[in-house]
Novice: 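Here it is: the structure, laid out below.
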Amino acid sequence: MKLNKNSKFSKPLNIDFYPAFTMAKNIAVIGSQFGDEGKGKIIDFLAESADVVARFNGGNNAGHTIKVNNETTILHLMPSGILHNGTINIIGNGVVVDPNILAKEIENLRSKGVKVTPDNLVLSENAHVILEKHIMEDKEKNKHLGTTARGIGPAYTDKAARTGLRVIDYVSQGKSSLNPFVRNSVVLINDLIDKNKKVLFEGAQGTLLDIDHGTYPYVTSSNATAGGICTGLGIGPKKIDKVLGIAKAYITRVGNGPLPTELGTEQEIKEEKGYNELKSDLSEEGFERLMRKITKEANEGSEYKQGRLLRMNGVEYGSTTGRPRRTGWFDALIGKYSVIVNGFDAIALTKLDVLSGFEKIKICVGYKYNDKIIKNFTTNVEILKNCKPIYEELPGWRENITKIRNFKELPKNAQKYVERIEELLNVPVAVVSVGPERSQTIVLRKEFLFDSKSSK
Ligand code: IMP
């Protein structure tokens, strides 16, 4: 049995030789950064073996891009298990639901041949409804926050003000096609858990966008952290077996608010041509030439080009709004903070392939603010906006790693990068993702995943 000697979590990385261990029963998937960590891909990967997929927070501000057999599907509201036969999908009471969007998603999925019936989709009667007035208000009042303008904040505002409309009240007005899906989801999910069904708790957004623990006021209006699972679905904390944090190998943010390791300025990003625009304007050769030029300038030290290279290699454009995402180096302070706020058992590190081509890769290990060195993350927006990141530099790799399926076959420097993140965050990495396809996934530690033998 080969041990990964460099890692503090010295467990065999070649999982095929690892003796029996208890695998996870219920797993929570939580964004550890600002959303868009690639949760959709990991959720889809896990949903293959899940019996139930349950969403507990947010609304159609989320956007999960899922690629299966070269076909891209974007889900905003629908839990990701909908693409898997026999999986029960629950939209929990903690979610805010735009009935028009949900009806459209159902229709769209059905037109692609996906079965959506009350047997595989359940909408909590206690979820709150997003109305037209909420969307108008979001557009008018929340521009400064850079929200998705989907009415999320105003709908949660009405919920807290006790002036909101619950799904149960909405459908009793008799005007909705959603009626057949509406149930008491709390009784259902607890029953399924008691029957030992494998439940996947699907988080939306990320820890730093959490209303309580994020960079307030630049946050969403729900609890995107693991704590939101209990309130957003009506289950006790002991029912959550494993909490898997999703971290991108670098960092991105859409919308406004601080991003300490940001590469390039707002103005530079504004002036930049979009990915699709470039793809349609340039020949394939022209596009490749441009990418080589950006790579060269990034490696010569241009911070903006480093950020642009991450944006273009990672296709970092919002799946809900199409906005270019702001990009930066991996922030270990944010990582450590997310580990404690959510109690992550392990991390799934996504988009490692995007870092191929960088001669040097940086990880932020501290912030410098007014001559003070800060080692722990703070939600003080003033500090976050004005601090200077302190970096540790690691050697990069050139190889394309998208076809690699075994950790030990990754370039040595890529392995070292993953192990350094484990060390800094003090949590094992269970999965590394090297591309958008379900198959482009390296499993390092199976014990944080479901037993693939489905009980469906
Ligand atoms: P809201 O959730 O539309 O109110 O937007 C609040 C903030 O959260 C904005 O900065 C949005 O860009 C951000 N946000 C909301 N949902 C997502 C998501 O799924 N991924 C990334 N950012 C998000």
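Atoms within a ligand are numbered from 1 in the order they appear, just like the ligands themselves.
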Novice: Scan side-chain atoms only and decide if H76 and D98 contain a donor-acceptor pair under the 3.5 Å cut-off.
Specialist: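 On atom types as modelled, these side chains do not qualify, holding no pair under 3.5 Å.
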Novice: Angle between ring planes, F377 versus Y337, binned at 30° and 60°: parallel, tilted or perpendicular?
Specialist: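 The arrangement is tilted - the two ring planes meet at 30° to 60°.
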Novice: Got an N/O contact under 3.5 Å between D36 and ligand 1?
Specialist: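 By distance alone, the answer is yes.
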Novice: Can a side-chain donor-acceptor contact be found between D210 and N223 if the only test is distance below 3.5 angstrom?
Specialist: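 On atom types as modelled, these side chains qualify, holding a pair under 3.5 Å.
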Novice: For F287 and Y275, run ring-ring contact (aromatic ring centres under 6.0 Å, His included): C-alpha distance rounded to whole Å, both residues' side-chain angles, the deciding distance at 0.1 Å, then the answer.
Specialist: CA-CA 10 Å; F287 189 79; Y275 186 83; 5.8 Å; yes
Novice: Begin from the C-alpha positions of Y218 and H144 and carry the test side chain to side chain contact (heavy atoms under 4.5 Å, CB included) through to its verdict.
Specialist: CA-CA 9 Å; Y218 303 100; H144 63 293; 5.7 Å; no
Novice: At the 4.0 Å heavy-atom cut-off, does A204 count as touching ligand 1?
Specialist: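 False for this residue.
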Novice: Report yes or no: does a heavy atom of V219 sit under 4.0 Å from some atom of ligand 1?
Specialist: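 Heavy atoms of V219 do come under 4.0 Å of ligand 1.
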Novice: When you check the side-chain N and O atoms of N400 and S356, is any donor under 3.5 Å from an acceptor?
Specialist: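 The criterion, which ignores hydrogens and geometry beyond distance, is not satisfied for S356 and N400.
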Novice: Given E37, R253, Q205, identify the one with the heavy atom nearest to atom 17 (C) of ligand 1.
Specialist: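 The nearest heavy atom belongs to Q205.
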Novice: Using a 4.0 Å cutoff against the non-hydrogen atoms of V254, which atoms of ligand 1 qualify?
Specialist: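 Under 4.0 Å from V254, ligand 1 has these atoms: 10 (O), 12 (O), 21 (C), 22 (N).
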Novice: Assess the side chains of Y250 and D331: does a donor N or O sit below 3.5 Å from an acceptor N or O?
Specialist: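 No donor-acceptor contact under 3.5 Å links the two side chains.
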Novice: Has F34 got any heavy atom lying under 4.0 angstrom from an atom of ligand 1?
Specialist: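 Yes; F34 lies near enough to ligand 1 that a heavy-atom distance drops under 4.0 Å.
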Novice: Which ligand 1 atoms does L145 reach within 4.0 Å, using its non-hydrogen atoms?
Specialist: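 Atoms satisfying the 4.0 Å criterion: 10 (O).
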Novice: For the rings on F330 and Y391, is their centre-to-centre separation under 6.0 Å?
Specialist: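 Between Y391 and F330, which both carry aromatic rings, the centre distance is not below 6.0 Å.
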Novice: Does any N/O atom on T220 come nearer than 3.5 Å to any N/O atom on ligand 1?
Specialist: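 Between T220 and ligand 1 (N or O atoms, distance only) the closest approach is under 3.5 Å.
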Novice: Counting only nitrogen or oxygen atoms and a 3.5 angstrom limit, does T148 reach ligand 1?
Specialist: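 Yes: some nitrogen or oxygen of T148 is under 3.5 Å from one in ligand 1.
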Novice: For atom 11 (C) of ligand 1, which candidate among G146, G63, G214, G255 holds the nearest heavy atom?
Specialist: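 Result: the heavy atom closest to atom 11 (C) of ligand 1 is in G146.
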Novice: Quick one: does T147 get an N or O within less than 3.5 Å of an N or O on ligand 1?
Specialist: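 No.
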Novice: Under a 4.0 angstrom heavy-atom cut-off, which atoms of ligand 1 come close to L209?
Specialist: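 The list of qualifying atoms is 8 (O), 13 (C), 14 (N), 22 (N), 23 (C).
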